[in-house]
There are 2 protein chains.
Amino acid sequence: MDTTEILIKIRKIVRSINLESKKIEKEYGVSIPQVLCLHYLRDSVNFQAGQGEIRKFLNLNASTTSGIINRLETKGLVARLPKSGDRRVVTIALTSKGDTLMTNMPSLLHEKLEEKLGKQEDQAILEVQNSLELLVNILGIDELEAFPVIPEGE
Amino acid sequence: MDTTEILIKIRKIVRSINLESKKIEKEYGVSIPQVLCLHYLRDSVNFQAGQGEIRKFLNLNASTTSGIINRLETKGLVARLPKSGDRRVVTIALTSKGDTLMTNMPSLLHEKLEEKLGKQEDQAILEVQNSLELLVNILGIDELEAFPVIPEGE
DNA sequence: TCTATATAGTTTCTACAGGAACTATTTAAA
DNA sequence: TTTAAATAGTTCCTGTAGAAACTATATAGA
């Protein structure tokens, strides 16, 4: 049985996402994780959210999230604000510059996938979802299962 | 339609592979890409191969491959040898230390997946493969399609 | 109150990953 | 033969990713 093939395909998918990310970064100055972060802020109340909230949404490590926010901050797309009440919490706020960028950024991988996947039969889409679910379960992502998927992705 | 969910699942799979890789690295001192590299050498003639050959098999950038080999070399698991004939080519050779490590390294993600996937119905496995294939095609990994998959993975 | 302990983030370190620029060698062409 | 182009690798730079160690703040318990 060819699990090697499956692993190679997963590696290919990963790689294509990375390549797309670098392409987007070159064109717009922001990578996919950065875009996802800005995207989340745009959907948040007052365009603001705590680092932890973002971290949970992106399903990333705190240090990774910190780095992403650092790069966004350097570009002026995001600002770190103090939170009254709990001074441990750093509120991340979308700047108008960040908002403008998001407005002008067209079709990401996300939307490309959406478009192309839309052309597939419903049955095929269901199979893709089931297959990925199976892989997720098989690979044993138990500790992560709890993370709250905020479905307000789009 | 929920492509967001699909992307999140792919990210989860990627993440679980990374986590597994770090776990393996902590336990055995070598990561999955490094193991794949050693694995390839073990299946090569005289336990040797050119960097380019490895690069094509792993489907990675030259600089990335260079880094992986560097780390393996530092650990003494691999050695860089000159190739008579073409002095641009660097032959990568598995050392006995590397060979021994591979002999003693049990059940990788690879084999875990194999084991767990073996318990699934053939139909499910087929669906997984088809789904990944579909995603690979949708994500447009055209330039990479040509890379020669040596099926001697196991 | 004083002390755990838990929580929120940051910093440092390491690995993977790719692009760009570079060196060195080989091959093709003029 | 000398130049031009292709090929094989390396080095440098940046980004993603996580673990470990750390700071600072908040909360619970004695």
Side-chain angles (χ1 to χ4, degrees), chain A residues 11-37 49-56 58-75 78 80-92 141 143-144, chain B residues 10-37 49-56 58-75 80-92 141 143-144:
Chain A
R11 287 182 71 84
K12 272 191 179 186
I13 291 171
V14 172
R15 199 185 170 210
S16 79
I17 290 176
N18 282 340
L19 287 174
E20 186 69 20
S21 185
K22 305 228 163 164
K23 222 168 74 187
I24 289 170
E25 195 177 352
K26 209 174 168 186
E27 229 171 310
Y28 302 100
V30 282
S31 67
I32 285 182
Q34 289 169 30
V35 169
L36 289 175
C37 181
Q51 199 255 38
E53 218 182 308
I54 296 170
R55 193 180 73 224
K56 275 170 201 152
L58 295 179
N59 202 213
L60 294 173
N61 191 284
S63 60
T64 307
T65 313
S66 209
I68 291 168
I69 292 168
N70 276 343
R71 286 179 283 275
L72 287 172
E73 197 182 23
T74 306
K75 290 167 199 150
V78 129
R80 267 183 245 249
L81 309 177
K83 174 164 177 143
S84 57
D86 193 335
R87 288 200 298 176
R88 291 170 307 177
V89 179
V90 175
T91 301
I92 315 298
I141 319 175
E143 337 80 276
L144 311 174
Chain B
I10 292 175
R11 286 181 72 84
K12 272 193 179 184
I13 291 171
V14 172
R15 198 181 171 213
S16 79
I17 290 177
N18 282 339
L19 287 175
E20 186 69 21
S21 185
K22 304 227 163 163
K23 221 167 75 188
I24 289 171
E25 194 177 352
K26 208 174 171 186
E27 228 171 312
Y28 302 100
V30 282
S31 66
I32 287 182
Q34 287 170 29
V35 169
L36 289 175
C37 182
Q51 198 256 35
E53 218 181 308
I54 296 170
R55 192 180 74 223
K56 276 169 199 153
L58 295 179
N59 202 215
L60 294 174
N61 191 283
S63 61
T64 307
T65 313
S66 210
I68 291 168
I69 292 168
N70 277 343
R71 287 179 283 273
L72 287 172
E73 197 183 22
T74 305
K75 291 166 198 150
R80 268 183 244 249
L81 309 176
K83 175 168 177 138
S84 58
D86 192 336
R87 291 198 298 175
R88 291 170 307 178
V89 179
V90 175
T91 301
I92 314 298
I141 319 176
E143 336 81 274
L144 312 174

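For clarity, every value in this text was computed on a predicted model and none was experimentally measured.
- Within the 4.5 Å cutoff, the side chain of B:L58 has no heavy atoms near those of the B:P33 side chain.
- Residue A:R80 comes nearest to A:V90 through the heavy atom pair CG-CG1, 3.4 Å, listed as atom of the first residue, atom of the second, then distance.
- Spacing between atom CD of B:E27 and atom C1' of D:dA19 amounts to 15 Å, rounded to whole angstrom units.
- Summarising the geometry, the separation between CZ on B:R55 and C1' on C:dG18 is reported as 13 Å, rounded to the nearest angstrom.
- Distances shown here put a side-chain N or O of A:S66 below 4.0 Å from the OP1 or OP2 atom of C:dT10.
- With rounding to the nearest 0.5 Å, the separation of CG in A:L19 from CD in A:E25 is 12.0 Å.
- Nearest to the side-chain atoms of A:R88 among the listed nucleotides D:dA26, C:dG9, C:dA15 stands D:dA26.
- Taken from CD in A:E27 to CD1 in A:I24, the straight-line distance is 8.0 Å, to the nearest 0.5 Å.
- Taking the side chain of A:D86 as heavy atoms from C-beta on, and the options D:dT16, C:dC16, D:dT25, the nearest nucleotide is D:dT25.
- Between B:S66 and B:Q51 the shortest side-chain heavy-atom distance falls below 4.5 Å.
- Atom-to-atom, NZ of A:K83 to C1' of D:dA24 comes out at 17 Å; the value is rounded to the nearest Å.
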Taking only N/O atoms, report every protein-nucleotides 19-23 of chain C pair under 3.5 Å with atom names and distance.
from: C:dG19; atom 1: OP2; to: B:N61; atom 2: ND2; distance (Å): 3.1
from: C:dG19; atom 1: O6; to: B:S63; atom 2: OG; distance (Å): 3.0
from: C:dA20; atom 1: OP1; to: A:K26; atom 2: NZ; distance (Å): 2.8

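- The distance from atom NZ of A:K26 to atom OG of A:S21, rounded to the nearest 0.5 Å, is 13.5 Å.
- Comparing A:G50 and B:R71, the nucleotide of DNA chain C nearest to each residue sits closer to the 5' end for A:G50.
- Checked against A:I92 for a side chain to side chain contact (heavy atoms under 4.5 Å, CB included), the options A:I69, A:T65, A:L81 give a single hit: A:I69.
- Side chain of A:N70, nearest nucleotide from C:dT11, C:dG18, C:dA8: C:dT11.
- Across every non-hydrogen atom of A:R55 and A:A62, the tightest pair is CD-CA, 3.3 Å.
- Taking the O4'-C1'-N9-C4 or O4'-C1'-N1-C2 dihedral as appropriate, C:dA4 has a value within 90° of 0 and is therefore syn.
- Counting atom types as modelled, A:R87 pairs no side-chain N or O with a base atom of D:dT25 as donor and acceptor under 3.5 Å.
- Closest contact between the side chain of B:Q51 and the listed nucleotides D:dG15, D:dT10, C:dA17 involves D:dT10.
- As rounded to whole Å, 9 Å separates atom C1' of C:dG18 from atom CG of A:N18.
- A straight line from CZ of A:R80 to C1' of C:dG9 spans 8 Å, rounded to a whole angstrom.
- Direction of the helix axis in the helix from C:dT5-D:dA26 to C:dA30-D:dT1 shifts by 20° between the two five-pair termini, rounded to 10°.
- Rounded to whole angstrom, the span from the CD1 atom of A:I24 across to the P atom of C:dG18 amounts to 16 Å.
- Taking the side chain of A:V89 as heavy atoms from C-beta on, and the options D:dT11, C:dC16, C:dA8, the nearest nucleotide is C:dA8.
- When rounded to the nearest whole Å, the span between CD of B:Q34 and C1' of C:dT14 equals 11 Å.
- Among the protein residues, A:G85 comes within range of the sugar-phosphate backbone only, with heavy atoms under 4.0 Å from sugar or phosphate atoms but none that close to a base.
- Distance, A:L72 CG to D:dT16 C1': 13 Å, rounded to whole Å.
- Screening A:L36, A:I68, A:V35 for a side chain to side chain contact (heavy atoms under 4.5 Å, CB included) involving A:V30 leaves a single residue, A:V35.
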